[in-house]
Trainee: 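Quick one: the structure is below, and I'll ask about it shortly.
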Amino acid sequence: MTTIEKVLYTGKTRTTGGRDGSARSSDAQLDIKLSPPGSAHAGTNPEQLFAAGWSACFIGAMGLAAGKRKLRLPGETAVDAEVDLGVTGDAYFLQARLNISLPGLEPEVARALVEEAHQTCPYSKATRGNINVELNLVQVGEA
């Protein structure tokens, strides 16, 4: 396991009530109601929050990979993250798909950016070997 040499940021939240509760960040920038997946209750769920965080981080990692190649990501770059909560036997698991749109980039360049981002994105590192992950290029080439 890699030890962090320098902490760049620490996200701090307090959650109460579990999936039927609420979560608030220490700086009050995040203040949300939580609800179980698929329920009609107001609020989001941990799987949606994980998907949002991972997709944002992944776009940042692709931007770094593009910068190394003296490229800019297309303005329409998007990652549609899908995080499944499932069960096998009596154990719960996650799996994920990142559906990546890089319109205007050649498929080979887009694939290289995605592969490099998957190696450098902290969320991808955290999930590697722990959950099934699919990386799908859904839009490349002409915008």
Side-chain angles (χ1 to χ4, degrees), residues 1-15 18-89 91-143:
M1 179 180 327
T2 302
T3 301
I4 293 177
E5 292 177 5
K6 179 182 178 185
V7 173
L8 301 175
Y9 176 77
T10 300
K12 298 178 184 179
T13 62
R14 179 177 175 87
T15 302
R19 289 182 177 270
D20 283 309
S22 62
R24 182 180 170 102
S25 62
S26 60
D27 62 4
Q29 293 298 305
L30 177 74
D31 190 359
I32 56 171
K33 292 182 185 287
L34 299 170
S35 63
S39 77
H41 300 125
T44 188
N45 60 64
E47 291 73 28
Q48 290 169 328
L49 293 169
F50 186 68
W54 192 357
S55 57
C57 185
F58 200 86
I59 290 172
M62 287 192 300
L64 291 173
K68 289 179 185 176
R69 293 167 173 78
K70 307 273 191 256
L71 299 172
R72 297 183 80 193
L73 291 180
E76 301 81 25
T77 296
V79 174
D80 295 317
E82 300 173 354
V83 175
D84 300 326
L85 171 64
V87 65
T88 298
Y92 292 93
F93 295 95
L94 297 175
Q95 65 183 18
R97 289 165 303 288
L98 300 182
N99 301 309
I100 302 145
S101 298
L102 292 165
L105 292 183
E106 293 297 321
E108 302 79 28
V109 173
R111 176 54 62 191
L113 296 180
V114 166
E115 292 301 328
E116 185 173 334
H118 193 51
Q119 294 305 309
T120 60
C121 171
Y123 282 75
S124 291
K125 289 179 183 180
T127 59
R128 186 169 293 112
N130 295 310
I131 68 171
N132 291 325
V133 176
E134 290 179 25
L135 303 174
N136 303 309
L137 274 170
V138 296
Q139 184 181 5
V140 294
E142 295 198 24

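The first residue in the sequence is number 1, and the count goes up from there.
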Trainee: Measuring from atom CD1 of I131 to atom CD of Q95, what distance do you get when rounded to the nearest 0.5 angstrom?
Mentor: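 The distance works out to 8.0 Å.
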Trainee: For the residue pair A52 and S55, what are the closest heavy atoms and their distance?
Mentor: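 Closest approach of A52 to S55: O-OG, 3.1 Å.
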Trainee: Does a side-chain heavy-atom distance below 4.5 Å link L94 with T127?
Mentor: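 SC-SC contact between L94 and T127 ruled out.
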Trainee: If you compare all heavy atoms of T88 against all heavy atoms of F93, which two are closest, and at what distance to 0.1 Å?
Mentor: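 What the structure gives for the nearest pair is CB-CE1, 3.9 Å.
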Trainee: Would S25 and T13 count as a side chain to side chain contact (heavy atoms under 4.5 Å, CB included) here? Give the steps.
Mentor: CA-CA 4 Å; S25 62; T13 62; 4.3 Å; yes
Trainee: Counting only heavy atoms not in D20, do more than 12 fall under 6.0 Å of its CG?
Mentor: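 Correct, the count exceeds 12.
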Trainee: State plainly whether the residues R97 and D84 are in salt-bridge range, i.e. N to O under 4.0 Å.
Mentor: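 Yes, R97 and D84 are salt-bridged.
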Trainee: Starting at OG1 of T44, measure out to CG of L49 and round the result to the nearest 0.5 Å.
Mentor: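 Answer rounded to 0.5 Å: 4.5 Å.
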Trainee: Hey, are the side chains of N136 and L98 touching, using non-hydrogen atoms and a 4.5 Å cut-off?
Mentor: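 A side-chain contact under 4.5 Å is absent here.
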Trainee: Taking the side chain from S35 and the backbone from S39, do they hold a donor-acceptor pair closer than 3.5 Å?
Mentor: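 Answer holds: no.
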Trainee: For a quick test of reading the model, state the closest non-hydrogen atom pair linking F58 to V114 and the distance between them.
Mentor: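 Between these two residues, the closest heavy atoms are CZ-O, 3.6 Å.
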Trainee: List, one per line, each side-chain donor-acceptor pair under 3.5 Å for residues 62-74, sequence neighbours excluded.
Mentor:
residue, atom, partner, partner atom, Å
K68, NZ, E116, OE2, 3.0
R69, NH1, A65, O, 3.0
R69, NH1, E116, OE1, 2.7
R69, NH2, E116, OE1, 3.1

Trainee: Do any pairs count as a side chain to side chain donor-acceptor pair (under 3.5 Å) and have a residue in residues 1-11, sequence neighbours left out, and if so which ones?
Mentor: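 Listed by first then second residue: nothing to list.
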Trainee: Might you point out which heavy atoms bring K125 and T120 nearest each other, and give the distance in Å?
Mentor: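 Distance-wise, the nearest heavy atoms are CE-O, 3.6 Å.
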Trainee: With a cut-off of 3.5 Å and sequence neighbours excluded, list every side-chain donor-acceptor pair involving residues 101-108.
Mentor:
none

Trainee: Quick check for you: to the nearest 0.5 Å, what is the distance between N45 atom CG and I32 atom CD1?
Mentor: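 If I round to the nearest 0.5 Å, the distance is 9.5 Å.
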Trainee: Are the side chain of R128 and the backbone of V133 linked by a donor-acceptor contact shorter than 3.5 Å?
Mentor: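 Flag not set: sc R128 to bb V133 has no pair under 3.5 Å.
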Trainee: Do the non-hydrogen side-chain atoms of R19 and P37 ever get within less than 4.5 Å of each other?
Mentor: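 When only atoms from C-beta onward are counted, P37 and R19 do touch, with a gap below 4.5 Å.
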Trainee: First locate atom NE2 of H41, then atom NZ of K33, and finally report the distance between them rounded to the nearest 0.5 Å.
Mentor: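 The distance works out to 11.5 Å.
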Trainee: Distance from S26 atom OG to R14 atom CZ, nearest 0.5 Å?
Mentor: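 Going from OG on S26 over to CZ on R14, the span is 12.0 Å.
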Trainee: From K12 NZ over to D27 CG, what is the distance, rounded to the nearest 0.5 angstrom?
Mentor: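 The distance works out to 10.0 Å.
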Trainee: Can the ring centroids of W54 and F50 be said to lie less than 6.0 angstrom from one another?
Mentor: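 So the answer is yes for these two rings.
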